[in-house]
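A short write-up of the structure that comes next.
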Amino acid sequence: MKRILNIAEKPSAARELSYALAARKNVKIREIGRRLRVYEFELDWDHEKVLMIFSSVAGHIKALDFHENYRNWNSCDQLALLDPTKTPIKEFVPEDKKFLEQALKNEAKNCCKLFLWLDCDSEGEKIAYEVLEICQQVNLSMRAPENVKRARFSAITPRDARNALQNLTQLHYPTISMVSTRQEIDLRAGAAFTRFLTKFVQDTFKIPLHGDKKVILSYGPCQFPTLGLVVDRLLTIRAFQPRLFYYLELKVRCKRSGAEELVLSWDRKHLFDRYCCALLYEICYSYLSQNHFESVVSDIKKTAKSRRRPLPLDTVELQRLASRVFRFSSDATMKAAERLYSEGYISYPRTETNTFPSTIDLFKLISLQQDDPRWGGFVQKMKEHWNDCSPRKGSKDDKAHPPIHPTKPAPKQGFPNKECEAIYELVTRRFLACCSTDAKGYETIVIVKVGFESFRIHGLSIEDAGYLEVYPYDHWSERTLPAELEIGMALDVISLMMKEGTDATMAEHIRKIQDREYVVKQGNCFYPMALGLALVEAFEACEAFLARPTCRSEQERDLRQISEGNRDASDVLYAALAAFSCNLQKLSTATNVLRQVFSVHFDCS
DNA sequence: GCAAGGTC
């Protein structure tokens, strides 16, 4: 029988994909050492019975570093690190992955074909290539493209796995080349700037750091734009000056129904000039006192309002939502989502797509949820009005994965941890909401005049809650106004007040952000922040644009052109390295500027 | 002693 080697990105994916393709009782497990399992099962494939050998790697199996001669920090000029002709780099299997490499080779020897089931993102494409290179060393038949296939799937479910197996594709080499280029840029830029900055600071200043940690000022093309963003924010906060403002507030009551007090806000919103506001207050007050403290409804506007159902869920939106609703960090969110994905509960959680492909069977996916006590009833109603189902189409499509959606019902006993529970519920509610209808209602605006000044109050009545019924994360608060209100009606005035306020809430938020996240306090000092600030300031002062928030995204845009086949990899590599060289030279010729900026924050050694 | 991105 033909033996086919199948490799997934992690052990749990190998296990779940095996069970998705074959019945559990037909899968044999073989242990290799203590750390790796191989799943074996027979399958009909391409009109014959084959033996599937399913195992995995654990992320990247190869690492990238400079050639030994250039790993020493004093081995070469830092600028040379940005020049591929001067400092060669190489890819190799690190010590802790040698075990996997050997296992891969042993299995590859006995197989005639290789199916690559790595995650379907760009890193997965590159890892697939790393696996292929290793297998080819011991098995010549795997150098023939017809014996090497890429399985593409968006969820670890029987349906997706079988579909992938029936539609095997080839490796996408432009994407592999894009990732290799990114790796090289990151390594070269990281090493060059980290060495430069660390040496400069060590030689010049005494920087207090907690513990025995050595001072390393690392630069990374991802770290710095992030730091830049944080520093930008801090600087805006520091520059913020709260201002006092003044406004009028009118409280009235209907003559008949009486009890309810209506608080109306001023159409001028607020004024920063206290005297001006006081003057208008006096005018209104004398008008009221001449009119028996009565005011008149001058207009009532009624408009239909709707709240749109949400867009299909992509990764960024999932992170945002989980942060808002549960205060989960994006890290915690993705960890839970990855786990749900690898156990087959949700589709692949790394997607930029927010529009459903036309091929997706929404009815089937929704039906999976009909027995859940939390939203089963809602699902029943959706199925009765199935013709109304038309999810909105977002503008993003990564052409690889659909929006995140549930792929199997929640387990009866619940999930093993609260993060998984929470994320599954979020994903499912969001999915149902997308496939549901907009919420519809009426807004009523009642305008009341006091002399020439107008005041208003808003009312809202929800006529059809639509998606809101299953999606508690959006709020649309209903507010009923007395039914008897009509144009021309006189109201009793309870009070007219002049009030003051301040827009300092932002400053308070910022203090919190400082206290909680942006500053690490060691003893009485805020070292990391000072260091971060100094770095960003220094870069800006030297006109080395390394900490601009857009740096990374611009680079990623260029890299993407490689995978789209629109630009040569070496072209992008050299352009990026040239830009980094230029910035490094700016810094190294302006050490006096660096020294000056740093000296504000640190003592000289 | 350096990066970022996979996974454990």
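Throughout, protein chains are lettered first and strands after them, A, B, ... in sequence-line order, and every chain is numbered starting at 1.
Atom-to-atom, CD1 of I61(A) to P of dC8(B) comes out at 13 Å; the value is rounded to the nearest Å. Following rounding to the nearest Å, Q183(A) (CD) and dG5(B) (P) show an atom-to-atom distance of 10 Å. Atom CD in E123(A) sits roughly 16 Å away from atom P in dA3(B) (whole-Å rounding). Between the CZ atom of R339(A) and the P atom of dG6(B) there is a distance of 20 Å, rounded to whole Å. If you take CG of L36(A) and C1' of dC8(B), they are 13 Å apart, rounded to a whole angstrom. If you measure from atom CD of E338(A) to atom C1' of dC8(B), you get 13 Å, rounded to the nearest angstrom. Atom-to-atom, CG of L546(A) to P of dC2(B) comes out at 19 Å; the value is rounded to the nearest Å. Atom pair F196(A):CZ and dG1(B):C1' shows a separation of 17 Å (rounding to whole Å applied).
Nucleic acid contact for K199(A): none, since no nucleic acid atom lies under 4.0 Å from a heavy atom of the residue. Here G59(A) lies in heavy-atom contact (under 4.0 Å) with a base. Y219(A) comes within 4.0 angstrom of the backbone, heavy atoms only, and of no base. Among the atoms of the strands shown, base atoms are found under 4.0 Å from some heavy atom of L187(A). Nucleic acid contact class of R552(A) (heavy atoms, under 4.0 Å, all strands): sugar-phosphate only.
With sequence neighbours excluded, the residues that form a side chain to side chain donor-acceptor pair (under 3.5 Å) with S218(A) are Q223(A). With sequence neighbours excluded, the residues satisfying ring pair (Phe, Tyr, Trp, His ring centres under 6.0 Å) with F193(A) are Y219(A), F580(A). Residues satisfying the side chain to side chain donor-acceptor pair (under 3.5 Å) test with E343(A), not counting sequence neighbours, are R339(A). With sequence neighbours excluded, the residues satisfying side chain to side chain donor-acceptor pair (under 3.5 Å) with Q102(A) are N106(A).
Heavy-atom contacts from other residues, nucleotides or ligands closer than 6.0 Å to CD of E421(A) number more than 12.
Classification of the F415(A)-Y345(A) ring pair by plane angle, with boundaries at 30° and 60°, yields perpendicular.
Residue H60(A) has its side chain nearest to dG6(B) when only dT7(B), dC2(B), dG6(B) are considered. When distances are taken from the side chain of D186(A) to each of dG5(B), dA4(B), dC2(B), the shortest belongs to dA4(B). Among the nucleotides dG5(B), dT7(B), dC2(B), the one closest to any side-chain atom of A191(A) is dC2(B). Taking the side chain of R195(A) as heavy atoms from C-beta on, and the options dC2(B), dA4(B), dT7(B), the nearest nucleotide is dC2(B).
Distances shorter than 4.0 Å separate some side-chain N or O of Q223(A) from OP1 or OP2 on dA3(B). For S218(A) and dA3(B), the shortest distance from a side-chain N or O to OP1 or OP2 is below 4.0 Å.
Residues from residues 62-78 of chain A with heavy atoms under 4.0 angstrom of DNA chain B, sorted by number: L64(A), D65(A), W73(A).
Note on residues 570-587 of chain A: pairs passing salt bridge (charged side-chain N to carboxylate O under 4.0 Å, His left out), not counting sequence neighbours, are R567(A)-D571(A).
Aromatic rings of F115(A) and F54(A) (six-membered ring for Trp) have centroids beyond the 6.0 Å cut-off, not under it.
When the nearest nucleotides of DNA chain B are assigned to D121(A) and L81(A) by heavy-atom distance, the more 5′-ward of the two goes with L81(A).
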